[in-house]
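I have placed the structure first, in the form of structure tokens, so that the comments after it can refer back to it.
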Amino acid sequence: MNDRRIGRAGFLGVLAGGVAGIFFANDLLDTVEEALPRSVRSQLPSRKWRIYTIGDSIPRIDPQTYRLRITGEVERETTLTLADLQALPQVVHTCDFHCVTGWTVDDVRWTGVRLDEILSVAGLQPAGRFLQFVSAEPGYHDCLSLEHARMPGVMLALGMGDAPLTAPHGFASRVVIPQMYGYKGVKWVEEIRVTREYRPGYWEQHGYDRDAWVGRSNGYGV
Ligand SMILES: Nc1nc2c(c(=O)[nH]1)N[C@H]1C(S)=C(S)[C@@H](COP(=O)(O)O)O[C@H]1N2
Ligand SMILES: [Mo]
């Protein structure tokens, strides 16, 4: 597989091969959109979420038993409950959301916790340079440098709009990186591993860029 420029067909081909779940909110509208040339489609008003999983069901996480583990290059491996996360300083950030396959949702209001706040609970070791986010969905994970984890708006989101995340959108927590495509934003996060080396994420193992800059990666503009 071409490792730099994978078109929409390539992405969907991989999805089909991996029996991924795509749940369309409105199949008819999608079909119409798909039939249009990309140049026209990109001018349509926005638009709606597609819910993605790599498995065949949506993980259902119990708020009472949910735990986030902070492991690896930290001073103390730490386990946080949802209440612990909610007790950390909360931030709000509104930004557009872009999937690399070409769909966008405008003005998403995320609420959550900056990654540095979470790391400060466990204490970073100097050798730690990357954060690997591991999903409760088996097989899905991604990785981010500490430098990129400190960009504006980057957070572990607990809420979308005025409400907690819904299960399809990643309850209890998901990664938000406004500057990068959606595949970097792991849903159903249950572990943050601080690592010395970059560990390529699920889509990166299928040829996608590790730094998924919106508009500059994978041959897509927005
Ligand atoms: N665990 C997990 N996280 C994931 C995915 C996934 O399949 N599994 N898909 C990613 C991709 S490609 C996108 S575009 C967004 C989609 O977010 P949504 O499902 O809330 O619309 O989730 C990202 N996070
Ligand atoms: Mo995506």
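Counting starts at 1 for both ligands and their atoms, following the listed order.
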Counting only heavy atoms closer than 4.0 Å, does ligand 1 sit against the backbone of K187, its side chain, both, or neither?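 Answer for K187: both.
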Using a 4.0 Å heavy-atom threshold (strictly under), name the region of Y181 that reaches ligand 1: side chain, backbone, both or neither.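 The answer is neither; Y181 stays 4.0 Å or more away.
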Please state whether F97 comes within less than 4.0 angstrom of ligand 1, counting heavy atoms only.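 Yes, F97 has heavy atoms under 4.0 Å from ligand 1.
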Heavy atoms only: which of Y52, W203, Y140 lies closest to atom 10 (C) of ligand 1?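 The option holding the nearest heavy atom is Y140.
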Just to be sure I'm reading this right: ignoring hydrogens, which of R174, H98, H169 gets closest to atom 17 (O) of ligand 1? Compare them by their nearest heavy atoms.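 The option holding the nearest heavy atom is R174.
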Is R196 atom CZ crowded by more than 12 heavy atoms from other residues, nucleotides or ligands, each under 6.0 Å away?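 For R196, atom CZ is not crowded (no more than 12 foreign heavy atoms under 6.0 Å).
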Taking 4.0 angstrom as the limit and counting only heavy atoms of [X], give me the atoms of ligand 1 inside it, by number and element.
{"X": "W103", "value": "14 (S), 21 (O)"}
{"X": "I54", "value": "7 (O)"}
{"X": "R50", "value": "18 (P), 19 (O), 21 (O)"}
{"X": "S135", "value": "1 (N)"}
{"X": "Y183", "value": "10 (C), 11 (C), 12 (S)"}
{"X": "C99", "value": "14 (S)"}

Between R193 and E77, does any side-chain N to carboxylate O distance fall below 4.0 Å?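 No salt bridge links R193 with E77.
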Any Lys/Arg nitrogen of R199 or D142 sitting under 4.0 Å from an Asp/Glu carboxylate oxygen of the other?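 Here R199 does not pair with D142 in a salt bridge, since their nearest N and O are not under 4.0 Å apart.
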Please report the shortest heavy-atom distance between [X] and [Y], naming the atom on each side.
{"X": "Y181", "Y": "G215", "value": "OH-N, 3.0 Å"}
{"X": "L85", "Y": "V113", "value": "O-CG2, 3.5 Å"}
{"X": "W188", "Y": "P168", "value": "CZ2-O, 3.7 Å"}
{"X": "A157", "Y": "V176", "value": "CB-CG2, 3.6 Å"}

Measure the acute angle between the ring planes of F97 and W49, then classify it against the limits of 30° and 60° as parallel, tilted or perpendicular.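 Tilted.
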